[in-house]
Participant: 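Here it is: the structure, laid out below.
Order of the sequence lines fixes the chain letters, A, B, ..., with proteins taken first and strands second; residue numbering starts at 1 for each chain. Values reported hereafter were calculated over all heavy atoms of this structure, with side chains retained and with hydrogens, waters and symmetry mates removed.
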Protein chains: 2
Amino acid sequence: MLNTKEVIIVEDRFTQQLKKGILEMLVLQLICEKPTYGYELLSRLKEQSQNRFVLKEGTLYPILYRLEDDGMISAQWQQGTGRVAPKKIYEATENGRQENVRRKRIWEEFSETVTGFLTGGDTK
Amino acid sequence: MLNTKEVIIVEDRFTQQLKKGILEMLVLQLICEKPTYGYELLSRLKEQSQNRFVLKEGTLYPILYRLEDDGMISAQWQQGTGRVAPKKIYEATENGRQENVRRKRIWEEFSETVTGFLTGGDTK
DNA sequence: CCTTAGTATTTAGCATTGCTAAGTGCTTTT
DNA sequence: AAAAGCACTTAGCAATGCTAAATACTAAGG
């Protein structure tokens with residue numbers, strides 16, 4: 001591509017609010033799958049969601065710090081190999097894995113309830 | 001029931017955050033189904049969700065005001081019939097109905113994406 | 001050589017939304 | 001007389017995602 005600009009999709013308030021809680025869950029899920037560092041998470045989120053979860057750094061890193069503060073993940077700095085900048089590698093703790101399972105269960109039940117609510121009544 | 005006290009389920013941060021945006025969507029949906037007033041919405045939410053969306057008034061009314069400010073619903077005071085306190089009846093506007101349809105679409109796609117994300121990778 | 005883009009992390013400050021808590025006023029039940 | 005129910009209002013807090021910008025180093029292009 002000559003022009004690397006991307007189409008900017010202005011997200012409305014609704015869609016933005018839907019993400020509350022979800023992003024942290026997805027990040028935890030990805031780290032449970034395999035140890036990773038922040039910048040890589042950005043691309044994994046983007047790709048695995050078909051461009052639906054395209055985060056800025058300012059969104060992701062605070063999530064990582066929260067998960068770390070809450071004991072869900074642990075971090076260690078990886079030495080800069082050769083000239084590659086050092087990365088902060090995160091991996092899930094035992095607590096984190098349990099919490100991840102719990103959240104998936106809650107999400108499943110929650111989303112089913114909501115969908116049932118919306119389709120049960122039918123606006124017409 | 002002699003004792004009307006209910007078991008208090010302390011909700012964790014995660015579950016609370018999941019509701020962001022959702023409650024407003026559900027309220028709009030209910031009003032689209034038929035004109036209603038605030039207090040009745042509380043019970044409809046509670047029943048139709050099998051006790052999963054049990055709101056306090058302080059949560060619901062601000063939602064109604066927002067929906068009204070945004071032109072999704074319109075309100076009119078119903079005269080107090082006899083000795084019954086006057087109620088503020090809300091009904092959906094044309095904009096509200098369109099937005100409701102749009103939100104349902106967004107929710108459907110969103111929830112499928114999230115579920116796919118969580119089941120695709122499998123934490124093992 | 002200088003500029004742009006890419007990798008990688010950090011931080012400040014704002015907007016939105018749900019929550020608790022409390023208050024008003026009237027009616028019905030105990 | 002007190003408690004509980006109906007019905008609406010408001011103040012203030014907590015949590016999370018967003019924008020924007022800064023730092024620092026490497027690689028590529030004109």
Participant: Which of these, B:T115, B:L118, B:T119, sits in a side-chain contact (heavy atoms from CB on, under 4.5 Å) with A:K104?
Facilitator: B:L118
Participant: Do B:M72 and B:R66 come close enough that some side-chain heavy atom pair is under 4.5 Å?
Facilitator: no
Participant: Calculate the interatomic distance between A:K87 atom NZ and D:dC25 atom C1'; express it in whole Å.
Facilitator: 12 Å
Participant: Do A:V114 and B:F53 touch side chain to side chain, with heavy atoms closer than 4.5 Å?
Facilitator: yes
Participant: Can you see whether A:K20 engages B:Q16 through a side-chain donor-acceptor pair at a distance of less than 3.5 angstrom?
Facilitator: no
Participant: Below the 4.0 Å mark, does D:dC6 have OP1 or OP2 next to a side-chain nitrogen or oxygen of B:Y39?
Facilitator: yes
Participant: Between atom CD in A:E68 and atom C1' in C:dT10, what is the gap in whole Å?
Facilitator: 13 Å
Participant: May I ask you to test the B:Q17-A:E24 pair for a side-chain heavy-atom distance under 4.5 Å?
Facilitator: no
Participant: Compare all side-chain heavy atoms of A:R97 with those of A:L28 and state whether any distance is below 4.5 angstrom.
Facilitator: no
Participant: How close or far is atom P of C:dA8 from atom CG of A:L45, stated in whole angstroms?
Facilitator: 15 Å
Participant: Whole angstrom is fine here: how far is it from OH in A:Y61 over to P in C:dT10?
Facilitator: 7 Å
Participant: Any side-chain N or O of B:Y37 below 4.0 angstrom from OP1/OP2 of D:dC8?
Facilitator: no
Participant: Tell me whether the NZ or CZ atom of B:K87 lies within the 45° cone about the ring axis of B:Y37 and under 6.0 Å from its centre.
Facilitator: yes
Participant: What is the distance, rounded to the nearest whole Å, between atom CG of B:L41 and atom C1' of D:dC6?
Facilitator: 14 Å
Participant: Taking Watson-Crick and G-U wobble pairs with both distances under 3.5 Å, convert DNA chain D into its dot-bracket string, 5' to 3', dots for unpaired and | for cross-strand pairs.
Facilitator: ||||||||||||||||||||||||||||||
Participant: May I have the distance from B:L60 (atom CG) to D:dT10 (atom P), rounded to whole angstrom?
Facilitator: 14 Å
Participant: Show each protein N/O and nucleotides 17-20 of chain C N/O combination with a separation under 3.5 Å, one pair to a line.
Facilitator:
| from | atom 1 | to | atom 2 | distance (Å) |
| --- | --- | --- | --- | --- |
| C:dT17 | OP1 | A:R13 | NE | 3.3 |
| C:dT17 | OP2 | B:R66 | NE | 3.4 |
| C:dT17 | O2 | B:K20 | NZ | 2.9 |
| C:dG18 | OP1 | B:K19 | O | 3.3 |
| C:dG18 | OP1 | B:G21 | N | 2.8 |
| C:dG18 | OP2 | B:R66 | NH2 | 2.6 |
| C:dC19 | OP1 | B:K19 | NZ | 3.1 |
| C:dC19 | OP2 | B:T59 | OG1 | 3.2 |

Participant: Rounded to whole angstroms, how far apart are NZ on A:K88 and P on D:dC25?
Facilitator: 18 Å
Participant: Write down the distance between CD1 (A:I89) and C1' (C:dA8), rounded to a whole number of angstrom.
Facilitator: 11 Å
